[in-house]
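Working notes, beginning with the structure itself.
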Amino acid sequence: MYESFAHEYADHAEDSSYNAFYDRPAVLGLAGDVAGLAVFDAACGPGLYARELLERGARVTGCDASPTFVEMAGERCGGRADLRVHDLSEPLDWVPDGSADLVVCALALHYIDDRVALLREFRRILTPSGAVVLSTEHPTTGWLRLGGSYFTEEPVEESLSPEREWPIRAWRRPLTAICAEFRAAGFVIDELLEPRPVPEMAERYPDDHAKLEELPAFIAFRLVPRAVTGAVRP
């Protein structure tokens with residue numbers, strides 16, 4: 001979906017309020033200390049998370065469905081990450097079992113029709129003590145924007161940004177459904193985070209900061225395989 005506006009989005013996400021001062025700090029915070037870890041960046045986009053993970057000492061592999069994003073991410077990472085063009089709706093058959101200490105999936109799960117199948121692939125490629133860190137749109141935010149019943153589960157076609165023609169197709173679903181998908185894939189929630197904007201946002205984007213202090217736009221999770229609920233976080 002992002003291929004048609006990949007360069008515009010990359011320029012936007014580098015320093016935007018919701019990306020640079022909200023989602024990235026939340027996701028990277030849940031990831032914890034990644035030094036020496038093998039991290040799989042699912043839907044790597046233009047490489048903004050991958051670059052930060054590398055700088056924190058991780059070994060990064062990953063993928064995105066957009067060839068332009070993969071090229072941009074490779075350049076942003078200076079060739080230090082193994083990034084491939086791959087649609088997450090298809091199995092990660094090129095990724096070995098138990099090869100990742102951590103999977104990061106930022107703001108992408110809601111684009112996938114069979115999310116349980118993808119989450120099971122994440123579980124397959126994880127080491128026994130590994131974890132998944134992911135973020136998605138907060139279900140309350142979607143409900144307030146789209147109306148109707150909060151419990152509706154359906155794909156919605158709209159623009160990623162109200163100010164731009166960035167067409168996307170994403171699923172709206174309640175928190176109950178999101179958590180049920182995690183359980184069906186063999187995960188339990190180690191941590192649930194409704195992010196707060198970082199203080200720097202108040203200086204750069206005061207209106208967005210005020211809005212996000214009242215209502216979360218995204219929700220983030222740290223998931224662990226059900227058999228290792230006692231795993232120690234790094």
Side-chain angles (χ1 to χ4, degrees), residues 1-88 92 94-95 99-111 118 122 125-127 130-136 160-161 166 168 193 195-201 203-205 208 217-218 220-223 233-234:
M1 289 181 291
Y2 283 71
E3 182 68 11
S4 63
F5 54 90
H7 287 284
E8 290 180 82
Y9 177 80
D11 290 342
H12 164 80
E14 177 83 44
D15 195 46
S16 70
S17 57
Y18 282 67
N19 295 95
F21 298 95
Y22 190 56
D23 188 69
R24 283 208 298 279
V27 167
L28 293 168
L30 284 179
D33 182 2
V34 297
L37 299 185
V39 180
F40 186 85
D41 187 355
C44 66
L48 297 167
Y49 297 79
R51 178 182 62 189
E52 186 68 29
L53 290 163
L54 286 166
E55 290 176 354
R56 297 181 182 199
R59 306 186 308 277
V60 178
T61 60
C63 66
D64 200 279
S66 164
T68 301
F69 271 167
V70 172
E71 181 180 359
M72 295 172 70
E75 293 174 355
R76 181 169 272 112
C77 294
R80 294 179 293 155
D82 179 7
L83 304 171
R84 307 189 187 190
V85 178
H86 181 86
D87 189 334
L88 289 176
L92 295 165
W94 50 279
V95 184
S99 59
D101 299 301
L102 179 71
V103 173
V104 170
C105 184
L107 299 177
L109 188 66
H110 46 278
Y111 297 136
L118 176 60
F122 290 167
I125 69 174
L126 280 178
T127 60
V132 173
V133 171
L134 63 85
S135 59
T136 188
L160 183 64
S161 167
W166 289 354
I168 61 165
L193 176 65
R196 305 284 291 274
V198 297
E200 293 83 354
M201 189 196 291
E203 303 172 10
R204 297 283 305 282
Y205 304 99
D208 287 341
F218 304 148
F221 303 88
R222 183 182 175 94
L223 310 176
R233 290 187 57 179

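Quick note: numbers below take in every heavy atom, side chains included, and nothing from hydrogens, waters or symmetry partners.
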Measure from the side-chain N and O atoms of Arg222 to the backbone N and O of Leu30, and report whether any donor-acceptor pair falls under 3.5 Å. yes
Could you check whether any side-chain heavy atom of Arg204 comes within less than 4.5 Å of a side-chain heavy atom of Ser17, counting everything from C-beta outward? no
Minimal heavy-atom distance between Ala106 and Val27, with the atoms involved, is CB-CG2, 4.4 Å
Taking all heavy atoms of Pro67 and all of Ala65, pick out the closest pair and write down the distance. CD-O, 3.3 Å
Would you name the heavy atoms of Ala6 and Thr68 that are closest together and state the gap between them? CB-CG2, 3.7 Å
For the residue pair Tyr9 and His12, does the interplanar ring angle fall in the parallel (under 30°), tilted (30 to 60°) or perpendicular (over 60°) class? tilted
Any donor-acceptor N/O pair, Arg24 side chain to Ala13 backbone, under 3.5 Å: yes
Looking at every non-hydrogen atom in both residues, tell me the closest pair between Val34 and Arg56 and how far apart they are. CG2-CB, 3.6 Å
Mind checking the CE-CG spacing from Met72 to Leu83? Nearest 0.5 Å is all I need. 12.5 Å
When rounded to the nearest 0.5 Å, the distance separating CG of Asp82 from CH2 of Trp94 is 6.5 Å
For a quick test of reading the model, state the closest non-hydrogen atom pair linking Val95 to Ser99 and the distance between them. CG1-OG, 3.5 Å
Could you check whether the rings of Tyr2 and Phe69 sit parallel, tilted or perpendicular, using 30° and 60° as the cut-offs? tilted
Just how far is it from atom CD1 of Ile168 to atom OG of Ser161, taken to the nearest 0.5 Å? 10.0 Å
Between atom CG of Leu126 and atom CG of Leu223, what is the distance when rounded to the nearest 0.5 Å? 9.5 Å
Please tell me if the side chains of Asn19 and Leu48 come closer than 4.5 Å, counting only heavy atoms from C-beta onward. no
Could you tell me if the side chain of Phe122 sits less than 4.5 Å from the side chain of Leu92, heavy atoms only? yes
Just by modelled atom types, is the Gly45 backbone N or O under 3.5 Å from a matching donor or acceptor in the Asp64 side chain? yes
Are the side chain of Tyr22 and the backbone of Asp208 linked by a donor-acceptor contact shorter than 3.5 Å? no
Exercise: identify the closest heavy-atom pair between Val39 and Val104: CG1-CG2, 4.0 Å
Checking the side chain of Ser135 only, and the main-chain atoms of Leu107 only, is there a donor and an acceptor separated by less than 3.5 Å? yes
Calculate, to the nearest 0.5 Å, the distance between atoms CG and CZ belonging to Leu54 and Arg80 respectively. 4.5 Å
Given Phe40, which partner from the list Leu102, Val103, Asp101 fulfils the side chain to side chain contact (heavy atoms under 4.5 Å, CB included) test? Val103
Are any of the side-chain heavy atoms of Tyr205 and Pro197 separated by less than 4.5 Å? no
Could you check if a side-chain atom of Pro195 sits within less than 4.5 angstrom of a side-chain atom of Asp23, using non-hydrogen atoms only? no
